[in-house]
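First comes the structure, then the notes that go with it.
All values below were derived from every heavy atom in this structure, side-chain atoms included, with hydrogens, water molecules and symmetry-related copies excluded.
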Amino acid sequence: MEMVPSEENQLVPKEIENAAEEPRVLCIVQDTTNAKTVNERLTLNLPASTSLAKLFQDVAHKAGYVNGTFDLTWGNMVDTAPLDHGSEMSLTESGFEAGKKNFLQLTDKDGEQPQIASDESGTADSSGLDDSSQDRFIGPLPRDGTTGCSSDYSSPSYSYSSILNKSETGYVGLVNQAMTCYLNSLLQTLFMTPEFRNALYNWEFEESEEDPVTSIPYQLQRLFVLLQTSKKRAIETTDVTRSFGWDSSEAWQQHDVQELCRVMFDALEQKWKQTEQADLINQLYQGKLKDYVRCLECSYESWRIDTYLDIPLVIRPFGSTQAFGSVEEALQAFIQPETLDGPNQYFCERCKKKCDARKGLRFLHFPYLLTLQLKRFDFDYTTMHRIKLNDRMTFPEELDMSPFIDVEDEKSPQTESCTDSGAENEGSCHSDQMSNDFSTDDGVDEGICLDNTSSTERTLKPKSSLTFELFSVMVHSGSAAGGHYYACIKSFSDGQWYSFNDQHVSKITQDDIRKTYGGSSGTRGYYSSAFASSTNAYMLIYRLKDPSRNAKYLDVEDFPEHIKRLVQKEKESEEQEKRQREIERNTCKIKLFCMHPVKMMMVENKLEVHKDKTLREAVEIAYKLMDLEAVVPLDCCRLVKYDEFHEYLERSYEGEEDTPMGLLLGGVKSSYMFDLLLETRRPDQVFQPYKPGEVMVKVHVVALKSETIAPPVSVRAYLNQTVTEFKQLIAQATGLSAETMRVVLERCYNDLRLLYVPNKTLKAEGFFRSNKVFVESSDSTDHQVTFTDSLLWKLLDRHGNTIRLFVSLPEQSPGSLASRTLCQKAGGEPGEAFEGPKGSRKSVEAILEESTEKLKNLSLQQQEEQQGSSASDSQKSSDASDFEHIESPSQEADSAPSVSAADNRELENRIRAASGSGGGGAASDPENPFPSEERSDSDVNNDRSTSSVDSDILSSSHSSDTLCNADSGPLPLAGALCGADGAPLPLANGLDSHSITSSRRSKAHEGKKETWDTAEEDSGTDSEYDENGKSKAEAQYLYFRAESCSLEDGSAEGQKCLLVHVDKRITLAAFKQNLEPFVGVSSSQFKVFRVYANNQEFESVRLNETLSSFSDDNKITIRLGRALKKGEYRVKVYQLLVNDPEPCKFLVDSVFAKGMTVRQSKEELLPQLRDQCKLDLSIDRFRLRKKTWKNPGTVFLDYHVYEEDINISSNWEVFLEVLDEPEKMKSMSQLAILTRRWRPAHMKLEPFQEVVLESSSVDELKEKLSEISGIALENLEFAKGRGTFPCDISVLEIHQDLDWNPKVSTLNVWPLYICDDGAVVFYRDKTEEPMELSEEERSELMKKESSRLLKTGHRVSYSPRKEKALKIYLDGGPTKDPGQD
């Protein structure tokens, strides 16, 4: 026998029959169904021809399970469907690989654990018990029918990690909705309480009286029935929480389990009024105690009787450093009286004076179910935070309460003062020895009002046994800020302890219970809690040991009739769910595509078909799914295997119409490596068979003469075909001549390959599954030149790089002259010409109007001529989305050459003359700036308003560009494709590229130099012009074609939009220049904003960058306003208001330039501030200073130069500060400090005052502070503020928390490090004592400070965590205040 290695490198047997044996498949199976087997592996070495059904049998035999009660899934794949246990497919056909390790996982089937294959399998099924076993045995059953079970679980090596594995106990878990572990713990405890469960079963729901959805007892009853009878691993609690009136947000609120217990009991009592269960909660959980005060002089006692549902036990007494060691100690302390003496003396009614007295609590009666709450959550008044006490506190398994009951009180004299607290108690008892954190002043009644005037007295006789048995420990793991609850519960049926941790249920031992005591092994000192485990007991529930009252769980056969009906109803519901899951498990879900024969677009859907349905039935389902009934007959459709990524038809299924889809698709899987295409044909066509191994080729025919590219024709070829054979194939499909045919393969973007070697195979040429080729067959001389110099290459290159963009123009483009020429919608009104002085500008307008009419007529004439051309030419724009057919800029070039040339020369001359005499043109009138739009970068949702800086610049003479000036050469208008030498190619409308010239520089501009000459190459934006004043975009012209369109996104009716086809290698500068005729102003007078998916707009400013980052159908918005030039930066100006609640307020966007002084920028700002912000300032009464987030920094002096003294960058931000007096900052050696006086006697901070220092001396700072405050130098103390400006701090913390009076002589050393302007310094008079505050005043001040600091966005270190009150709504949900939003 040969041995082969398994995954753990162990040797496993491999049976060999003979040397020529068939390949074998090594299967390594991991059993994930329970904690004990999860780390084990089952190894099987099977012949490759073994069927899947035989594999399941072998695994079942080896694992010891009943076949059919488990699933096998692939171990190395995520979310894969289980293997088909009944399939006769061989292992290799099912995806197993011979000679390699195949990893599988053995998992539960339908959420149920596998059945053990043994004689006792009927009773040893650990997932769900069949009816017979449930009748006999309620609760968990051992995993193995024989031995070893209990010893396994009592092993000292047990760890809590087993909780995370699926239950093998027979108990059902509860699903955690989000943060409902506290609810799950309580529900499981109530379920495991026989008396509560049985009483709940005995209650019958009357559907006629109440809605089952809002009935809390009914939903609890349903939940308990499912917990007892369901075969699921875990069930949901959403129906229960819905009956509480909770919405989904409540699932994200974690609450206290003791709080939930009280509120739920109150809700049940309210629901059970006038029923047999009306007093159930009191009967089970309510006890009595006496709260008394006894005079030590006359022994007169005043007392009252209180009721309680739980006893809160203090972990660590208030003010003590020592924690109680056990529950018994804490109970003794609970009833330990305290002496009232001194100022706390008690006024005795008998003595008629204040006397020493003894105050305490005595237990009169203990409930049947005793609940102890260990008060682990406390409040630390030092840190003002809630904390959790993790100290060790032991608790016994059996608790004798007889030492704590007051027998004498049964005979208390009635003459003593007695008050019955009744409903005042809120369900819990209070002791003065406990931490005083029972705040009831929040106005929210979360508790339970209990009345102890029941007719049935349930006081225990003193001589009766008071021994209580522990059966539930609710454990909290985490801190006071949050954590996780789970429950350790003992079953009364077998005495075994279990951990109920949400959906996981597992056996545990007494050792695990002891681990919940908390604490560490060290001493019980004050700090022991800080280093202890955070997992410890929080609530303990004991049951009185009384054989006459101790109940057992109801068996299924003993269920009341209404519960039996409910069980049957839930069983049917679960069976239906199981059947639905089975259908889902056997349903193939695969992507389905179809090229819709009418819409002519690819439609996508999801085909869901049962694995046993035939291909013919699947075609009918797909046919209806794609809604083709009224479009094509059913027999004209078929399903084929399709690869969406490569757009490749892999194969067709001829002769397999009756094959089941499961077999055809290779089984039921969660995802497939391929898709299906519903192919359609015309009735006169026949389907072409697609064979595996073929490659698909999309053939585009190129017409050089018309420069068009036709839509694709699909051709299938084989990789071993030669280029010559391939050409013959294309010739048959397209009717072109194979002899003169040129075939170009586009392997990837911008990779065009001419196939010129006749005998080379397609595989050698780089063909793949799906390919795109361009073919051209003409007798032109273009094929004689080098391919990269040919017109074919240029056309394909343009085709591959052209993108489609939607460009939104300004709503009121001034002039919009050229847009009327080429982009005017039919019937649309021409754009309004802006008003202003007439004169020479009017002549320019008149010329353009004239030229517009001529161009319109010419364009109409060409359109009529082109209607007679080929059909493929007429659809050039309709197919724009796929760019299979692009209009050539030189199409119909010779239709009217003489007219266009003469008219254009005349137009050019007249415009040049007009603009030359106009001296500034349309935009030069300072009284009529363009109605431009500027978007504030500070907030993309700001209103669009005209930026005054842009208006000013637009109206200034040096930047006035009229539409027409021919100094800087020609601009292509509609579509321009120029050679390297700049020779213009004809345009699509028959005009050459000289048809309309654009103004680059007016005469005034030629003689004017840039204002700032210190610009460098690394500026934030690129210059649109080179050193000679020529446009950089003129070096090379790339394809550009624009036409008017309408957007479908509901944009404004007056909004004009262009559909632009452009070569994405074009620079932004050239793109803007091509847009000039449509915008109506020169490129320097408008800005380009890219629109993203969320409608946010960002300005594109780098003029020498290309449009390569853009893609088809991207949107662009054009806004009027001067674009940035070289060395210019857009700057956001904010006002600094040091004493305002919001010290940072946005004012304006401005433009600063390199070489500009601060004073010059202030001069530029003045008119903007006046016009836009209504700030009428003097230039000497405001300053600019550095802004770092919200922190004010260096004060900029008037003579500072940007880029030399001050670093400036794109989207820079700066503070503007208004001064009350002339500027004191004159030198860089000075230091401006923001100071603020702290007045402890008044508990307030005074406003900021600026102090200007000549040096970094601490003495100078103190002298200046003394001058402005009047504090004597020897009494003045200061401290540096913390955090970001304005360094807010609570007035309750400032006196102690800051580092007052640091021992330094200069400000620029540790711990101050004040080296720049804008630092915040607090100062005080050390002789001034803080105000004395009462607790009420401190609490009120704390609330005010919390509110103030939260508004300013600063951290409030002392603010307690805000929690949402826990409420259960008896009417189905909270009622919302109509006035509350």
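Taking the side chain as every heavy atom from C-beta outward, E746 and F774 approach each other to under 4.5 Å. Inter-residue side-chain proximity for V744 and F787 is flagged as met; some heavy-atom pair is nearer than 4.5 Å. The side-chain heavy atoms of I1066 and N1074, taken from C-beta on, include a pair separated by under 4.5 Å. Counting heavy atoms from C-beta on, the side chains of V1151 and E1164 never come closer than 4.5 Å. Here the side chains of F1040 and D1063 are not in contact, with every heavy-atom distance at 4.5 Å or above. In this structure the side chain of Y1039 reaches within 4.5 angstrom of the side chain of R1041, judged on heavy atoms. Put simply, the side chain of I1208 reaches to within 4.5 Å of the side chain of E1203, judged on heavy atoms. Side-chain contact between D797 and K794 is absent, with no heavy atoms from C-beta onward closer than 4.5 Å.
Between the OG atom in S1084 and the CG atom in L1103 there is a gap of 10.5 Å [rounded to 0.5 Å]. Once rounded to the nearest 0.5 Å, the distance linking NZ of K1132 with OG of S1150 reads 12.0 Å. Between L752 atom CG and K772 atom NZ the span is 10.0 Å, to the nearest 0.5 Å. For the atom pair E1097 CD and T1117 OG1, the distance stands at 4.0 Å (nearest 0.5 Å). For the atom pair CD1 (I1116) and CG (L805), the distance works out to 4.5 Å, reported to the nearest 0.5 Å. Here OG1 of T1067 is found 8.0 Å from CG of L1107. Values are rounded to the nearest 0.5 Å.
Counting all heavy atoms, side chain and backbone alike, I1118 lies closest to L1075 at CD1-CD1, 3.9 Å. For the pair A1153 and Y1202, the tightest heavy-atom approach, listed with the atom from each and the gap, is O-CB, 3.8 Å. R804 and D1112 make their closest contact through N-OD1, 2.7 Å (heavy atoms, listed as atom of the first residue, atom of the second, distance). Between L1059 and C1045, the closest heavy-atom pair is N-SG, 3.6 Å. In terms of heavy-atom proximity, K1072 sits nearest to F1086 at NZ-O, 2.9 Å. The two atoms that bring F1071 and V1062 nearest to each other are CD1-CG2, 4.2 Å, heavy atoms only.
If you check the side chains of S1083 and E1076, you find a donor sitting under 3.5 Å from an acceptor. Side-chain contact, T788 with T786: no donor N or O sits under 3.5 Å from an acceptor N or O.
Between H799 and H700, the ring planes lie tilted relative to each other; the angle falls in the 30° to 60° range. Relative ring orientation between W1212 and F1152 is described as perpendicular, the plane-to-plane angle rising above 60° on a 0-90° scale split at 30° and 60°.
Judged by distance alone, with hydrogens and angles left aside, the side-chain atoms of D1149 form no donor-acceptor pair with the main-chain N or O of R1130 at under 3.5 Å.
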If you apply the rule side chain to side chain contact (heavy atoms under 4.5 Å, CB included), what do you find for E647 with M602, and how did you get there? CA-CA 11 Å; E647 297 183 3; M602 189 66 82; over 6 Å; no
Given V807 and V1088, is the side chain to side chain contact (heavy atoms under 4.5 Å, CB included) satisfied, shown in steps? CA-CA 9 Å; V807 180; V1088 175; over 6 Å; no
